[in-house]
Amino acid sequence: MTAPRQILSGVTYHVTRRCAQRELLLRPSELVNETFLYVLGVALRRYGLLLHGFCVLSNHFHLVVTDPGAHLPAFEQYLDSLVARSLNAALGRWEAFWASGSYSAVALATPDDVVDRLAYSLANPVAAGLVQRAAEWPGLWSSPERIGAGPIAARRPEHFFRRNGSMPESVELELTLPPGFDDVQQFRDRLVEAIGHREHLAAERLKAEGRSFLGVRRVLAQSPNARPATVAPRRGPKPRVGARDKWKRIEALGRLRSFLDDYREALKALRAGLRDVVFPSGTYWLRVAHGVRCAPG
């Protein structure tokens, strides 16, 4: 059984989700790009999350978001479900769209970790050997210059969604400055520098391996049912906390461990018949689905 997530208000997360069997079901196309962007915009508006950056690769996506209202699980369930249903319908598929298990959500401990994870996300097409510069990626990719630059309009796709249904005809989404930063331009400059550093490292690695970048033309020529030629890495534990600073990481992991210990004790008491048990702050599913009492955040 997966350990319970601690969902607290105001946390910034690096969120990822991978397609089933590593298939290229999100391979860039007008259909995929407009569908994912529209559903993302609707999900953000519905659950009130703040978006700082995104990158949708051919078989997985990256988001960096802040969750003011502690609604991340509902947001992810809505986003993943609607993207899967709409794109499966367009592709004529009935099988699972996403890999088994849940999404990954890494809580970012410091503003430095936000920059690091956002740069990692936006440089991912280069690190994967797909394009030489991240900005060349033909899929959904948020330019650092879009942060704090006003709304992005996304129109409802013509496929899957009913013209006279409940979904809005269009939605706006905006890239906002993450918490912990005061100057938009300074943040953009820092992010651009971090992306450039990762691009340089990726190019040096491919050169040392005697490989070249796939390139936009060959990316677009791939079949959505194809899979990467590389061997899938062995599965390991999914991290819940992201902190480059050793002591910040130890502190965050200690808080998470305390939450898990308190949660298990409260659950044990609830199963024993105690109805006035108080669960630790950040308890999500039992609070939403069963109305258990929780300590204040």
Side-chain angles (χ1 to χ4, degrees), residues 1-18 39-54 60-84 98-111 113-114 116-118 120-121 173 175-180 237-243 248-271 276-297:
M1 181 180 294
T2 303
R5 296 184 189 274
Q6 185 181 32
I7 304 297
L8 296 168
S9 300
V11 176
T12 300
Y13 296 96
H14 174 212
V15 179
T16 58
R17 190 78 194 262
R18 188 171 297 279
V39 175
L40 175 61
V42 173
L44 290 167
R45 187 172 73 175
R46 186 183 182 99
Y47 294 103
L49 273 72
L50 305 176
L51 179 66
H52 311 306
F54 57 85
H60 67 284
F61 69 80
H62 297 262
L63 303 175
V64 176
V65 295
T66 297
D67 184 14
H71 297 307
L72 178 69
F75 163 83
E76 261 300 303
Q77 193 278 332
Y78 184 90
L79 173 69
D80 293 350
S81 174
L82 200 50
V83 166
W98 302 111
S100 59
S102 187
Y103 60 95
S104 169
V106 178
L108 305 180
T110 69
D113 296 314
V114 174
D116 182 64
R117 286 300 182 115
L118 190 48
Y120 169 83
S121 300
L173 57 163
L175 296 175
T176 63
L177 187 67
K238 287 185 177 180
R240 297 287 183 93
V241 172
K248 291 289 185 181
R249 184 167 62 254
I250 291 173
E251 180 183 356
L253 289 172
R255 290 195 300 268
L256 179 59
R257 190 174 297 111
S258 295
F259 164 79
L260 293 173
D261 290 343
D262 293 346
Y263 179 95
R264 288 170 181 140
E265 287 298 315
L267 183 59
K268 182 179 178 181
L270 183 67
R271 287 172 170 168
D276 59 349
V277 61
V278 177
F279 279 76
S281 177
T283 297
Y284 182 81
W285 175 245
L286 287 178
R287 173 177 60 83
V288 172
H290 300 286
V292 300
R293 295 171 59 200
C294 297

Once rounded to the nearest 0.5 Å, what's the spacing between atom CZ of F75 and atom CG of L40?
5.5 Å

Is the shortest side-chain heavy-atom distance between F54 and V65 below 4.5 Å?
no

Are more than 12 heavy atoms from other residues, nucleotides or ligands located less than 6.0 Å from atom OH of Y120?
no

Distance in Å, I7 CD1 paired with S281 OG, rounded so as to fall on 0.5 Å steps:
11.0 Å

D113 and T110 side chains, donor-acceptor separation under 3.5 Å
yes

Aromatic rings Y263 and F259: how do their planes relate, parallel, tilted or perpendicular, breaks at 30° and 60°?
tilted

Kindly say whether P280 contributes a backbone atom to a donor-acceptor pair with the side chain of D262 at under 3.5 angstrom?
no

V11 and L72, any side-chain heavy atoms less than 4.5 Å apart:
no

Measuring from atom CG of L260 to atom CZ of R240, what distance do you get when rounded to the nearest 0.5 angstrom?
7.0 Å

Should V292 and V277 count as side-chain neighbours, where that means a heavy-atom distance under 4.5 Å?
no

May I ask you to test the T176-H52 pair for a side-chain heavy-atom distance under 4.5 Å?
yes

Separation between CZ of R255 and CD of Q6, rounded to the nearest 0.5 Å:
8.5 Å

Tell me whether W98 contacts the main-chain N or O of D80 through its side chain, where contact means a donor paired with an acceptor under 3.5 Å.
yes

Reported OG-to-OH distance for the pair S104 and Y13, which is rounded to 0.5 angstrom:
11.5 Å

Output yes when a side-chain donor or acceptor of R287 lies under 3.5 Å from a complementary backbone atom of T283, and no otherwise.
yes

Could you check whether any side-chain N or O of R249 sits under 3.5 Å from a backbone N or O of A243, counting only pairs where one atom can act as donor and the other as acceptor?
yes

Could you state the interatomic distance from CZ (F279) to CH2 (W285), rounded to the nearest 0.5 Å?
13.5 Å

Any side-chain donor near an acceptor of the partner, S102 and R5, under 3.5 Å:
yes

Side-chain contact test, heavy atoms from C-beta onward, threshold under 4.5 Å: evaluate it for H62 versus V64 and give yes or no.
no

Do the non-hydrogen side-chain atoms of L63 and L49 ever get within less than 4.5 Å of each other?
no

